[in-house]
Amino acid sequence: MIEIRNVSKRFKKGWYALKNIDISIAKGDFLFLTGQTGSGKTTLLRLIYMDIFPDEGEVAVAGFLSSTIKEEEIPFLRRRIGIIFQDFKLLKDKTVYENVAFALEVTGQSGRKMREKVMKALTLVGLSHKRNDFPYTLSGGEQQKTAIARALVREPFILLADEPTGNIDPEGSEEIIKILQEVNTAGTAVLMATHGVELAKRMGGRFINLEQGQITTK
Amino acid sequence: MFSLREALIGLRRNGVMTFIAIGIMFFSLFLLGAFLWGTFNLFGVINLAREKVEINAFLRESLPQKQVEELSEKLMSMVGVESVEYVSKEEALKKFQEEIQDAPSLIEAVKTNPLPASFSIKLKDGFTSPEKVKEVSEKIKIFDEFIAVEYGESWINRLDKVVKILFLFDILLGIVIGFASVFVVSNTIRLTVLARKRTIEVMKLVGATEKTIHAQFILAGAIEGGVAAAMSGGLLYLIYQVSSKFFVKFYFPHDFIIIGTIVFGLILGMIGSKLAVKTTSKEMKFESPNV
Ligand SMILES: Nc1ncnc2c1ncn2[C@@H]1O[C@H](COP(=O)(O)OP(=O)(O)OP(=O)(O)O)[C@@H](O)[C@H]1O
Ligand SMILES: [Mg+2]
């Protein structure tokens, strides 16, 4: 579903943030992306959801090619993937329910079916009882769960997570990772960027380690 | 519908921002409306003064009635002439006596009537500039039934100068106020859009098209600009009502001032937010903070 072929990315001349990256992610994979700060994890994720484009090589996601995708097509690519961040990116003037529903409403969905989908996603992350709360009343872990529900409500084939536990205490982090594993068991691929190599090893998932923009372990 | 609902929710839940934005826009649109209103009245006064411009053509003694009538018709058919009024010797004397009422001895001194009959000729709009008045009066001079033709040359020259200065001043002021209000309104709108950058970011994140993103903010901008403009139009109208009750009855072209202000506010709100969303959305990148 995702093919990264010989991709390089430079932000400055002669200096590579990513160099000769080859990764392929299949349906149902759970993949950790590890590496020190500045090693290029965020850059790789941004290449996948096509916020930026490679200088060399090609990224293929759900049939969209980085070399040929048009700007108007990017929203349709984004609808096929779920993305969560370290800073949650929730709308603070909306309740938990509204934040999740928003992802469906912006593409014209409404009515009972839409509400059912939202409740299903909230139940999945165990947050349906807090659906009418505003994000600022929630803990970091709960905010990230809301973000996960929003990312999943469209039933994407992959969930991209950039340091999802970076702002959450250890217990909360465990919970988030457990949810990601459940999501994966249900058939959604997960690609999670994190500093913690130990965590990745402990979880026993497949992991890719980046060092200064290059893959060191597969 | 989604866009309208989101626009309204956004305005309501960001109440303070909305309030401040509408307040600022209200103030600058009010200034603009007041300026327009002032300009209308200025031109009203200028027109009143211009209507006073007239040419006096004094007739020879004892012309036959028929010749006077023919002459009047000829004057009427001249280019630029609005009206021709015949002032007989008797009327001229009466006017003169009224004018020198304060010096009764002078009135007595006037035994016979030395004043000639005359035509008082009013000119059409656009023929009241010094050059045109001179042109018309030169043409009138050609008839030899007249002993003299005059039109208060120095007064007209002075009026013309004053009008030109006022006009220039008004245009300059208009440009300044116009630019200032466009600048203030569009910047205020831009700030309200920037304050909701996160909304744009999330919309892009979950796959909203540019059209959907724009619609919501354009609607919000239109509502803010429209409300602010309606308020300024309303206040101007109120001032007009109060002043015409207690002071002067100003000229107030309702349609132009009220509708003009509202349309201007709406359009400015829409264009302002359209440009702001477009640039914000274009430059949007999802760099989460590198911690
Ligand atoms: N927009 C940009 N302009 C210039 N340099 C950039 C840009 N984005 C990233 N970089 C650089 O590219 C390198 C990789 O950055 P990236 O954000 O991918 O690292 P990361 O592995 O996500 O780090 P962290 O673990 O701290 O999040 C860094 O050296 C960073 O400074
Ligand atoms: Mg990063």
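Throughout, protein chains are lettered first and strands after them, A, B, ... in sequence-line order, and every chain is numbered starting at 1.
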A:Ile74: which residues meet the side chain to side chain contact (heavy atoms under 4.5 Å, CB included) condition with it, sequence neighbours left out? A:Phe53, A:Ile69, A:Arg78

Chain B heavy atoms under 4.5 Å from A:Lys94: which part of the residue, side chain, backbone, both or neither? both

Using heavy-atom distances under 4.5 Å, tell me whether B:Lys282 contacts chain A through its side chain, its backbone, both, or neither. side chain

Can you confirm whether A:Glu211 is buried at CD, in the sense that more than 12 heavy atoms of other residues, nucleotides or ligands lie under 6.0 Å from that atom? no

In terms of the angle between their ring planes, are A:Phe134 and A:Tyr136 parallel, tilted or perpendicular, with boundaries placed at 30° and 60°? parallel

Region of A:Glu71 that comes under 4.5 Å of a non-hydrogen atom in chain B: side chain

If we define contacts as heavy-atom pairs under 4.5 Å, which of A:Arg79, A:Glu163, A:Arg154 has the most with chain B? A:Arg79

Below 4.5 Å from any heavy atom of chain A, which atoms of B:Lys211 appear? Answer side chain, backbone, both or neither. neither

Need one label for B:Thr199: side chain, backbone, both or neither, based on atoms under 4.5 Å from any heavy atom in chain A. both

Honestly, the part of B:Met1 sitting under 4.5 Å from a heavy atom of chain A is neither

A:Gln109, part contacting chain B, at a heavy-atom distance under 4.5 Å: neither

Top of B:Glu210, B:Glu6, B:Met284, B:Gln216 for chain A proximity - count of heavy-atom pairs under 4.5 angstrom: B:Glu6

Give me the one residue out of A:Leu47, A:Asp55, A:Ile23 that meets side-chain contact (heavy atoms from CB on, under 4.5 Å) with A:Val7. A:Leu47

Donor-acceptor pair, side chain of A:Arg80 and main chain of A:Leu77, under 3.5 angstrom: no

If we count only N and O atoms by modelled type, under 3.5 Å, do the side chains of A:Thr216 and A:Asn209 hold a donor and an acceptor together? yes

Side chains of B:Lys204 and B:Ser281: do they bring a donor and an acceptor to under 3.5 Å? yes

